[in-house]
Amino acid sequence: MPYKVGKKTKTKGWPILKHERGKWKVIAHSDSKEKAEASIRARHMGAHRS
């Protein structure tokens with residue numbers, strides 16, 4: 001899967017990372033790990049629809 005949850009930061013919470021062109025890029029932040037994982041599932045399913 002091209003997405004993963006990064007390490008928690010003090011200010012912004014849990015980063016959501018996307019793998020693009022050989023590098024992990026932060027695309028969003030979430031205040032809880034569960035919400036970050038749910039967001040990744042939603043993004044992944046959205047990419048596979050249609």
Side-chain angles (χ1 to χ4, degrees):
M1 189 177 338
Y3 296 101
K4 74 175 181 179
V5 178
K7 291 183 180 173
K8 185 177 188 294
T9 61
K10 288 184 181 177
T11 55
K12 293 191 177 184
W14 299 89
I16 297 170
L17 305 164
K18 183 178 184 184
H19 197 255
E20 286 184 340
R21 299 186 198 96
K23 290 185 179 180
W24 288 99
K25 182 178 172 186
V26 177
I27 55 169
H29 288 89
S30 183
D31 56 348
S32 77
K33 192 171 186 179
E34 290 77 22
K35 284 185 183 177
E37 289 169 351
S39 178
I40 286 174
R41 281 193 296 273
R43 289 169 197 271
H44 194 66
M45 286 308 295
H48 286 284
R49 284 218 189 214
S50 69

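Below, each value reflects all heavy atoms present in this structure, side chains not excepted, and no hydrogens, waters or symmetry copies.
- In terms of heavy-atom proximity, W24 sits nearest to Y3 at CZ3-C, 4.1 Å.
- Here CD of E37 is found 8.5 Å from CH2 of W14. Values are rounded to the nearest 0.5 Å.
- Atoms CG and NZ, from D31 and K8 in turn, are 9.5 Å apart once rounded to the nearest 0.5 Å.
- With rounding to the nearest 0.5 angstrom, the NE2 atom of H19 is 11.5 Å from the CZ atom of R21.
- In this view, A38 and R41 satisfy the side-chain contact (heavy atoms from CB on, under 4.5 Å) rule, not counting sequence neighbours.
- Of all heavy-atom pairs spanning A36 and S30, the tightest one is N-OG, 3.4 Å.
- K12 pairs by the salt bridge (Lys or Arg N to Asp or Glu O under 4.0 Å) definition with nothing, not counting sequence neighbours.
- Heavy atoms only, all atoms of each residue included: V26 and P15 are closest at CG1-CB, 4.1 Å.
- E34 meets the side-chain contact (heavy atoms from CB on, under 4.5 Å) test with S32; sequence neighbours excluded.
- Here NE2 of H29 is found 9.0 Å from CD1 of I16. Values are rounded to the nearest 0.5 Å.
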Show your reasoning for whether side chain to side chain contact (heavy atoms under 4.5 Å, CB included) applies to I27 and R43.
CA-CA 11 Å; I27 55 169; R43 289 169 197 271; 3.8 Å; yes
